[in-house]
Amino acid sequence: GTSAAGLTIGMVKLSDGTMIAQAGVLPLCSGGFAFIDEFDKMKDEDRSALHEVMEQQTASIAKGGIVATLNARTSILAAANPMYGKYDPFKNITENVNLPIPLLTRFDLIFVVRDKPSKEKDEKIAKHIIDLHTPQGIDNRSLIDSETLTKYVSYAKRVDPILTKEAETKILEYYLKMRNVETEDMITVTPRQLEGLIRLATARARLLLKNKVEEEDAQRAIDLLQNMFEDAGIDVNTGKVDLGVLQGRP
């Protein structure tokens, strides 16, 4: 058969008994984006393979006499559900989501999306969904049609902006500030978050078709990271931002 492989690389057995390696989702998305739903329910072998993809941007296999390594330079957007169907606000994120902590911390940004009842917000969402099913609402689904947006993103990816001195200084100041903790036992930001900051700042400059990463791009990246810490990095026991929450050790 020629069934599709999993996330990385899979083995496929042909009708004559020959085994071949087949690229999975992430190698096929190399140079683009991969969107993964039900992230918490994936197979253990896919989880372990993702460590390599997210760290080294490659996917490898050594099975059935086949040794292969494929490029998987892929941006990953993943969604996971809480363990018991509803997010428990009295537990930290690592207690709510069934994901290995080393894998969770490899994402540049992590946000908790909770369904909080709000009359104004609920009415807007309901109206939007109803409009999608009425003739008059079809033309108002998006400000930019998907084809134009796809072309714009594709064009923007050709731009390769460089960091300015001002952006470097801004990122460095924030990183050193977050590294300056009260005691040696506290968990701080790591070079992984620093690399993430640089990626986010560069991505914003690229999206605006700029050839330089400016101070405002660095500030937007810092704001995103800080929002993540204030959203997913709050220790529910103290009510304070604690980076150890994301590593399961607040």
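What you are looking at is a predicted structure, and each value in this text was computed from that prediction instead of being measured.
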Exercise. Counting only heavy atoms not in Arg199, do more than 12 sit closer than 6.0 Å to its CZ atom?
Worked result: yes
For this session: Go through Leu50 and Leu26 one step at a time and tell me if the side-chain contact (heavy atoms from CB on, under 4.5 Å) criterion holds.
Result: CA-CA 9 Å; Leu50 266 174; Leu26 299 179; 3.4 Å; yes
For this session: Go through the steps to decide whether Glu52 and Thr58 satisfy the test side chain to side chain donor-acceptor pair (under 3.5 Å), and finish with yes or no.
Result: CA-CA 6 Å; Glu52 180 192 349; Thr58 59; 2.8 Å; yes
Exercise. What is the distance from atom CD of Glu147 to atom CD1 of Ile144, rounded to the nearest 0.5 Å?
Worked result: 13.0 Å
Exercise. Between Asn71 (side chain) and Arg73 (backbone), is there a donor-acceptor pair under 3.5 Å?
Worked result: no
For this session: Answer whether the closest heavy-atom distance between the side chains of Glu215 and Thr164 falls below 4.5 Å.
Result: no
Exercise. Roughly how far apart are Lys151 NZ and Leu149 CG, rounded to 0.5 Å?
Worked result: 12.0 Å
For this session: Establish whether Leu28 and Phe35 are linked, either directly or via other cluster members, by ILVMFWY side-chain heavy-atom contacts under 4.5 Å.
Result: no
Exercise. Atom OG of Ser118 and atom CD of Glu123: how far apart are they, to the nearest 0.5 Å?
Worked result: 10.0 Å
Exercise. Are Leu209 and Tyr152 side-chain neighbours, meaning at least one heavy-atom pair lies under 4.5 Å?
Worked result: yes
Problem set entry | Atom CD of Glu120 with >12 non-hydrogen neighbours under 6.0 angstrom | no
Exercise. Does Ile234 share a hydrophobic cluster with Leu109, counting links as ILVMFWY side-chain heavy atoms below 4.5 Å and allowing steps through other members?
Worked result: yes
For this session: Begin with the C-alpha distance, continue with both residues' side-chain angles, and end with the deciding distance and a verdict on side-chain contact (heavy atoms from CB on, under 4.5 Å) for Thr105 and Gln247.
Result: CA-CA 7 Å; Thr105 54; Gln247 298 186 22; 4.0 Å; yes
Exercise. Nearest 0.5 Å, what's the CG-CD1 distance between Asp122 and Ile125?
Worked result: 6.0 Å
Exercise. Are Lys170 and Glu166 ion-paired here, with the side-chain N under 4.0 Å from a carboxylate O?
Worked result: no
For this session: Output yes when a side-chain donor or acceptor of Asp217 lies under 3.5 Å from a complementary backbone atom of Glu214, and no otherwise.
Result: yes
Problem set entry | From CA spacing to verdict: side chain to side chain donor-acceptor pair (under 3.5 Å), Thr190, Gln193 | CA-CA 5 Å; Thr190 65; Gln193 274 89 41; 3.0 Å; yes
Exercise. Looking only at heavy atoms, which two atoms of Tyr87 and Arg114 are closest? And how far apart?
Worked result: CD2-CD, 3.9 Å
Exercise. Do you know which two heavy atoms are closest between Lys86 and Pro82, and how far apart they sit?
Worked result: C-CG, 3.6 Å
For this session: Considering only NZ, NE, NH1 and NH2 on the basic side and carboxylate oxygens on the acidic side, decide whether Arg220 and Glu216 come within less than 4.0 Å.
Result: no
Exercise. Considering all heavy atoms of both residues, which atom of Ala218 and which atom of Ile171 are nearest to each other, and what is their separation?
Worked result: CB-CG1, 3.8 Å
Exercise. Shortest non-hydrogen contact from Ile93 to Ala232?
Worked result: CG2-O, 3.6 Å
Exercise. According to a 4.5 Å side-chain heavy-atom criterion applied to Ile, Leu, Val, Met, Phe, Trp and Tyr, with indirect links allowed, do Leu163 and Leu176 form part of one hydrophobic cluster?
Worked result: yes
Exercise. Under 4.5 Å between any side-chain heavy atoms of Lys91 and Val236, yes or no?
Worked result: no
Exercise. Could you go step by step and tell me if Lys116 and Lys121 meet the side-chain contact (heavy atoms from CB on, under 4.5 Å) rule?
Worked result: CA-CA 9 Å; Lys116 295 180 180 177; Lys121 182 179 162 188; 5.8 Å; no
Exercise. Any side-chain heavy atom of Arg192 sitting closer than 4.5 Å to one from Arg106?
Worked result: yes
For this session: Measure from the side-chain N and O atoms of Asp145 to the backbone N and O of Thr148, and report whether any donor-acceptor pair falls under 3.5 Å.
Result: yes
For this session: Taking the side chain as every heavy atom from C-beta outward, state whether Tyr175 and Arg179 have any atom pair closer than 4.5 Å.
Result: yes
Exercise. What's the verdict on salt bridge (Lys or Arg N to Asp or Glu O under 4.0 Å) for Lys240 and Asp235, showing C-alpha distance, side-chain angles and the deciding distance?
Worked result: CA-CA 6 Å; Lys240 296 179 181 178; Asp235 182 5; over 6 Å; no
Exercise. Does a side-chain heavy-atom distance below 4.5 Å link Asn81 with Lys41?
Worked result: yes
Exercise. Which atom pair, heavy atoms only, marks the closest approach of Val245 to Thr94?
Worked result: O-CG2, 3.4 Å
For this session: Flag the pair Tyr84 / Asn96 as yes when at least one side-chain heavy-atom distance between them is below 4.5 Å, and no otherwise.
Result: no
Exercise. Can Lys210 and Val159 be said to form a side-chain contact (heavy atoms from CB on, under 4.5 Å), step by step?
Worked result: CA-CA 7 Å; Lys210 298 196 290 189; Val159 183; over 6 Å; no
For this session: Locate the shortest heavy-atom distance separating Thr74 from Phe33; write the atom from each residue and the value.
Result: CG2-C, 4.0 Å
Exercise. If two hydrophobic side chains count as joined below 4.5 Å and joins carry through other members, does Val112 share a cluster with Ile110?
Worked result: yes
Problem set entry | Co-membership, hydrophobic cluster, residues Leu99 and Met54, 4.5 Å side-chain | yes
Problem set entry | Minimum side-chain heavy-atom gap Val97-Met83 below 4.5 Å | no
For this session: Rounded to the nearest 0.5 Å, what's the gap from OG1 on Thr202 to CZ on Arg206? Could you check?
Result: 6.5 Å
Exercise. Would the number of heavy atoms belonging to other residues, nucleotides or ligands and lying under 6.0 Å from CG of Asp115 be above 12?
Worked result: no
Problem set entry | Worked check of side chain to side chain donor-acceptor pair (under 3.5 Å) between Tyr174 and Gln226 | CA-CA 10 Å; Tyr174 178 75; Gln226 190 62 33; 2.6 Å; yes
Exercise. So how far is it from Ile198 CD1 to Glu168 CD, rounded to the nearest 0.5 Å?
Worked result: 8.0 Å
